[in-house]
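All remarks here apply to the structure that follows.
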Amino acid sequence: MDRFDFDLVVLGGGSGGVRAARMAAQRGARVAVVEAAALGGTCVNVGCIPKKLYSYAAHYAEAFEEAAGFGWQVEAPRFDWATLKANRAREITRLNGIYRDLLKGAGAEIVAGWGQLADPHTVQVGERRLRAQHILIATGGTPFMPDIAGAELAISSDQMFDLDPFPKRLVVVGGGYIACEFASIFRGLGAQVTQLQRGGRILSAFDEDISRFLASEMGKTGIDLQLNAQVERIVRQAKGLHLTLADGALLDADAVLFATGRRPNTANIGLEALGVQLDEDGAVAVDAHYRSSVPSVFALGDVSTDMPLTPVATAEAMALVDHLFGPLPGKPARSVSYENIPTAVFTHPPVGTVGYTEEAARRKFGDVTIFRTEFKPLKHTLSGSSERTLMKLVVDAETDRVVGVHMVGMDAGEILQGFAVALRAGATKALFDSTIGIHPTAAEEFVTLREPAVD
Ligand code: FAD
Ligand code: NDP
């Protein structure tokens, strides 16, 4: 008799876990996926999807204002937070159902509850013991809340989607992806937003031109962005929350969002007892095939990666399934290339980026040529908006290869996806130059940049 009930038990039904479970089950493996909350994980429930829906909602504020320049008379629009929340919740419930159907359709068993590793081949969920040849940890991450006085009065992004009532005055702490996106969204929806970043720039890992330009554009939308600002204390007062900053400045708010990073979910799942090693950031340490220090235990996605993005988690899942159960018929086994991973920040205006920042390229290649353009998009010649667009190419001077493409402006995420393919293909600046533009678009600027920037 088989020692195992399953070939694969997946702990966590988020982006990475569901993809791995579904693909493995489709290959005929006996699979169970253990999920303590809602299927789909962070991305579907409190991440990418609801965030993007709220970003669309917020963009209507600009659209109503800009419509007049195009001849539309729009009566004073009124925003109803309850309607947006209810419609979002309905859509997320629909997606939860789709995830359930996909897993069941592929033949995977869904086990509801909190799972823990009992031994290298056993996951315990309540009374149930699931014996598995392979165990996959795909438990994702959790918001990190800094240890300051009154931190318990603040909330994380998990609580932002159902906030009640709508926060008229919102303080956002942080300058990363989540802080910038939520500052833009809630500003667009009508909140008075103050954003406090501890360092001298927002999106500190991004190209410096992008950080500065975005800060200026977000400022134009009415966000009060304060750099080198640290919260020291939060207290509750009759009229809301009261913040004291390190420099003594005082602020009042209805809600305080800490968007100060996320940490891998490695607690209370039995890793210590089994001797599963973590790296210096607290993530599960894995080899090139996502195997942990315990040979039957694998990990991927936010719990182990330093690129916590949904497409990275799903790509890792497909590579792992190919490794454990063999590739698709006639196809080579997939692996993940961590070079040139494109990413977008859904601020208003959004950011899209792929490849090296100017600073990193100078360190890596030495001699780099920069091409940069900044302009008022055609739409805003009539819209009355003062929003501008920045586009930038970083070129390795020796090989002429384009090694970085960066943009702040309308549709930046949509535009950058295609340029990511060009970068991965090793496109040179000469190839960019010989590509015919699509007119009139903003994207065509990327193939018509002729003169290097002079700083
Ligand atoms: P998760 O999706 O977090 O799934 C982990 C699952 O494991 C959860 O469902 C959890 O309940 C479950 N779990 C944990 N422990 C246990 C246990 N012991 N037993 C049972 N179940 C357990 N990425 C993008 O690419 N684009 C975006 O626009 C984007 N926006 C984001 C916005 C926000 C506000 C946040 C927070 C994240 C965003 N991300 C975005 C990141 C993206 O959501 C994550 O990278 C992705 O969800 C990681 O997938 P995962 O499978 O590793 O983990
Ligand atoms: P980030 O790492 O992007 O940003 C964290 C921010 O918090 C930084 O500005 C950091 O400052 C600041 N910070 C860290 N610790 C403290 C502290 N103790 N006190 C004050 N400020 C602090 O994390 P997020 O939480 O924004 O997002 C987590 C991850 O989720 C992202 O890295 C991204 O991979 C993913 N994500 C992706 C999205 C997308 O693809 N559009 C959207 C949302 C999330 P400093 O800059 O000085 O380090």
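When a ligand or atom number is given, it counts from 1 through the structure's own listing order.
Residue contact check: Phe346 has heavy atoms under 4.0 Å from atoms 41 (N) of ligand 2. Taking every heavy atom of Ala37 and a limit of under 4.0 angstrom, the matching atoms of ligand 1 come to 11 (O).
Taking 4.0 Å as the cut-off between side-chain N and carboxylate O, Asp254 and Lys168 do not count as a salt-bridged pair. No salt bridge links Asp224 with Arg187; every basic N to acidic carboxylate O contact stays at or beyond 4.0 Å. Ion pairing between a basic and an acidic side chain is recognised when a charged N comes within 4.0 Å of a carboxylate O; Arg131 and Asp5 show no such pairing.
For atom 42 (C) of ligand 1, the closest non-hydrogen atom on the protein side is Thr310 OG1, 3.5 Å. Closest to atom 21 (N) of ligand 2, if we only count protein heavy atoms, is Thr260 CG2, 3.4 Å. For atom 46 (O) of ligand 2, the nearest non-hydrogen atom of the protein is Ser204 OG, 2.6 Å. The protein non-hydrogen atom at the shortest distance from atom 5 (C) of ligand 2 is Gly261 N, 3.6 Å. Of all protein heavy atoms, the one lying nearest to atom 40 (O) of ligand 2 is Leu309 CD2, 3.4 Å. Closest protein heavy atom to atom 39 (C) of ligand 2: Tyr177 CD2, 3.3 Å. Looking only at protein heavy atoms, the nearest one to atom 29 (C) of ligand 2 is Pro308 CG, 4.1 Å. The protein heavy-atom contact nearest to atom 4 (O) of ligand 2 is Gly176 CA, 3.3 Å. Looking only at protein heavy atoms, the nearest one to atom 9 (O) of ligand 2 is Gly175 N, 2.8 Å.
Contact annotation for Pro143 and ligand 2: no heavy atom of the residue comes within less than 4.0 Å of the ligand.
For the pair Val173 and ligand 2, the shortest N or O to N or O distance does not fall below 3.5 Å. Looking at ligand 2, you won't find any N or O of Arg201 less than 3.5 Å from one of its N or O atoms. At least one N/O-N/O distance between Ile178 and ligand 2 falls below 3.5 Å. Taking only nitrogen or oxygen atoms, main chain and side chain alike, Pro146 does not reach within less than 3.5 Å of ligand 2. No N or O atom of Gly174 sits closer than 3.5 Å to an N or O atom of ligand 2. Among the atoms of Ala36, some N or O lies under 3.5 angstrom from an N or O of ligand 1.
Side-chain atoms of Ser296 never come within 3.5 Å of backbone atoms of His121 as a donor-acceptor pair (strictly under, hydrogens ignored).
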Tell me, with the steps shown, if Tyr177 and Phe206 meet ring-ring contact (aromatic ring centres under 6.0 Å, His included). CA-CA 10 Å; Tyr177 279 84; Phe206 285 60; 5.6 Å; yes
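Counting heavy atoms of neighbouring residues, nucleotides and ligands inside a 6.0 Å radius, atom CD of Glu374 exceeds 12 of them. The local environment of CD in Glu208 is crowded, with over 12 non-hydrogen atoms from other residues, nucleotides or ligands closer than 6.0 Å. Heavy atoms from other residues, nucleotides or ligands lying under 6.0 Å from CZ of Arg362 number more than 12. Counting heavy atoms of neighbouring residues, nucleotides and ligands inside a 6.0 Å radius, atom CD of Glu359 exceeds 12 of them. Residue-environment remark: CD (Glu62) exceeds the threshold of 12 foreign heavy atoms within 6.0 Å.
Contact between Gly113 and ligand 1 is present, with at least one heavy atom of the residue lying under 4.0 Å from the ligand. Taking a 4.0 Å cut-off on heavy atoms, Gln116 fails to register as neighbouring ligand 1. Between Val44 and ligand 1 there is no heavy-atom distance shorter than 4.0 Å. Heavy-atom separations between Phe346 and ligand 1 include at least one value shorter than 4.0 Å.
Between Phe419 and the options Val402, Val405, Thr353, a side chain to side chain contact (heavy atoms under 4.5 Å, CB included) holds for only Val405.
Using modelled atom types and a 3.5 Å distance limit, the side chains of Asn45 and Asp158 yield no donor-acceptor pair. With 3.5 Å as the limit, one finds a donor-acceptor pair spanning the side chains of Ser15 and Thr310. Looking at Ser335 and His323, their side chains never bring a donor and an acceptor atom within 3.5 Å of each other.
Closest heavy-atom approach to atom 2 (O) of ligand 1 among the candidates Val303, Thr42, Val10: Thr42. In this structure, of Ile178, Val312, Asp302, Thr314, the residue bringing a heavy atom nearest to atom 45 (O) of ligand 1 is Asp302. Looking at Arg263, Met307, Arg198, it is Arg198 that brings a heavy atom closest to atom 10 (C) of ligand 2.
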